Amino acid sequence: QAQLVESGGGLVQPGGSLRLSCAASGFTLDYYALGWFRQAPGKEREGVSCISSSDGSTYYADSVKGRFTISRDNAKNTVYLHMNSLKPEDTAVYYCAAESAPKSLGPVGIQAMCDALDFGSWGQGTQVTVSS
C-alpha cells in the first residue's frame, strides 16, 4: 500500500529552523514529482515548494523563497523541507505529496503542478507552530 509519512514538525521560536521529512513506502519516488504544501486554519491549502523527478527543477512560493529548501534522497525514498528563519505566518499543517512524472518538467512545469496542487498521493500532515 502506497503511503507517505511526514515527520519533523513541532513548536519553534521565530527565527528558528526545522527540517521536515517525508518517507515513502509501497512505491519508489525516483520517477515522482514531489511537493510540500501547507494549510493554516481558515485558509486554503497552498503549495510551498515542489521538485521534479528527472531534471531536479524546483519551485518555491514567494513567501518562503530564500528561507526554505526542498531536497530529495531517492536512495532513502525521502523528501525533505529545510525551513530556516521561520516566521509566525509559517504556522500551518504541512503535507507532502507525490505524483508520477517521469519526464522532465522544467521550472515552468513544476510550478504549474505546485500551484494547481496537482498531486495524487498525500501524507497525513505534520503541524508546524512558530511562536514565542
Side-chain angles (χ1 to χ4, degrees):
Q1 181 178 355
Q3 195 174 14
L4 295 169
V5 179
E6 302 96 336
S7 61
L11 173 65
V12 63
Q13 292 187 342
S17 300
L18 282 175
R19 187 186 77 165
L20 305 183
S21 301
C22 174
S25 60
F27 67 110
T28 57
L29 295 179
D30 296 44
Y31 301 108
Y32 280 74
L34 305 170
W36 286 96
F37 302 81
R38 66 187 181 187
Q39 188 165 19
K43 295 188 176 181
E44 293 186 351
R45 192 172 299 188
E46 62 176 355
V48 175
S49 180
C50 295
I51 185 168
S52 65
S53 59
S54 59
D55 64 0
S57 295
T58 57
Y59 162 76
Y60 294 94
D62 287 343
S63 58
V64 306
K65 203 170 292 183
R67 300 188 297 122
F68 290 10
T69 302
I70 190 170
S71 63
R72 61 191 298 161
D73 187 336
N74 289 344
K76 295 184 178 180
N77 223 27
T78 300
V79 59
Y80 303 97
L81 185 68
H82 304 258
M83 306 187 294
N84 296 319
S85 302
L86 283 160
K87 304 175 181 180
E89 51 263 44
D90 294 318
T91 296
V93 177
Y94 284 71
Y95 301 87
C96 70
E99 178 63 29
S100 178
K103 296 183 178 180
S104 174
L105 292 173
V108 174
I110 193 63
Q111 179 178 352
M113 282 189 69
C114 216
D115 285 344
L117 281 67
D118 190 15
F119 290 75
S121 298
W122 291 80
Q124 83 290 347
T126 185
Q127 176 70 45
V128 172
T129 303
V130 185
S131 175
S132 55

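Residue numbers start at 1 and run along the sequence shown. Because only heavy atoms are used, hydrogens play no part in the values below, and waters and symmetry mates are left out as well, while side chains stay in. All values reported here derive from a predicted model rather than from experimental measurement.
Residue Y60 holds its OH atom at 4.5 Å from OG1 of T69, rounded to the nearest 0.5 Å. To the nearest 0.5 Å, atom CD of residue Q39 and atom CD of residue Q127 are 11.0 Å apart. Atom CG of L105 and atom OG of S54 lie 6.5 Å apart (nearest 0.5 Å). With rounding to the nearest 0.5 Å, the separation of CZ in R72 from OG1 in T58 is 11.5 Å. The OG atom of S131 sits 6.5 Å away from atom CG of L11, with the distance rounded to the nearest 0.5 Å. Within the model, atoms CD of E99 and SG of C114 stand 12.5 Å from one another, a figure rounded to the nearest 0.5 Å.
Taking all atoms of both residues into account, the shortest heavy-atom contact from A40 to A92 is N-CB, 3.8 Å. When all heavy atoms are compared, the tightest approach of W36 to V79 is CZ2-O, 3.6 Å. The heavy-atom pair separating S132 from P14 by the smallest distance is N-CD, 3.7 Å. Shortest non-hydrogen contact noted between L29 and L34 is CD2-CD2, 3.7 Å. The shortest heavy-atom contact between A98 and F119 is C-CD2, 3.6 Å. Residues L4 and S121 approach most closely at CD1-O, 3.4 Å, considering heavy atoms.
Qualifying side-chain contact (heavy atoms from CB on, under 4.5 Å) partners for A61, counting only residues two or more places apart in sequence or in other chains: Y59, S63, V64. Under the salt bridge (charged side-chain N to carboxylate O under 4.0 Å, His left out) criterion, R67 pairs with D90, sequence neighbours left out. Under the side-chain contact (heavy atoms from CB on, under 4.5 Å) criterion, T126 pairs with E6, L20, Y94, sequence neighbours left out. Contacts of L117 classified as side-chain contact (heavy atoms from CB on, under 4.5 Å), with partners at least two apart in sequence or in another chain: F37, R45, W122. By the salt bridge (charged side-chain N to carboxylate O under 4.0 Å, His left out) test, K43 is found to be paired with no residue, residues two or more places apart in sequence or in another chain being considered.
Listed by first and then second residue, the side-chain hydrogen bond (donor to acceptor under 3.5 Å, both in side chains) pairs that reach into residues 23-32 come to none, sequence neighbours excluded.
Considering V130, L81, V128 in turn, V128 is the only one that fulfils the side-chain contact (heavy atoms from CB on, under 4.5 Å) rule with L18.
Listed for the D73 side chain is a donor-acceptor partner under 3.5 Å among the backbone atoms of K76. S52 places no side-chain N or O within donor-acceptor distance of the main-chain N or O of I110, the cut-off being under 3.5 Å.
The side-chain heavy atoms of R38 and E46, taken from C-beta on, include a pair separated by under 4.5 Å.
Within a 6.0 Å radius of CD in E44, other residues, nucleotides and ligands contribute 12 heavy atoms or fewer.
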Margin query: Let's go through S17 and N84 carefully: what are the C-alpha distance in whole Å and the side-chain angles of both, what is the deciding distance for side chain to side chain donor-acceptor pair (under 3.5 Å) to 0.1 Å, and is it a yes or a no?
Written below: CA-CA 4 Å; S17 300; N84 296 319; 2.9 Å; yes
Next item on the list: Might you work through the side-chain contact (heavy atoms from CB on, under 4.5 Å) test for I70 and F68, ending with a clear yes or no?
Entry: CA-CA 7 Å; I70 190 170; F68 290 10; over 6 Å; no
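Cluster annotation: Y95 and V48 are assigned to distinct hydrophobic clusters (Ile/Leu/Val/Met/Phe/Trp/Tyr, side-chain heavy-atom contacts under 4.5 Å, transitive).
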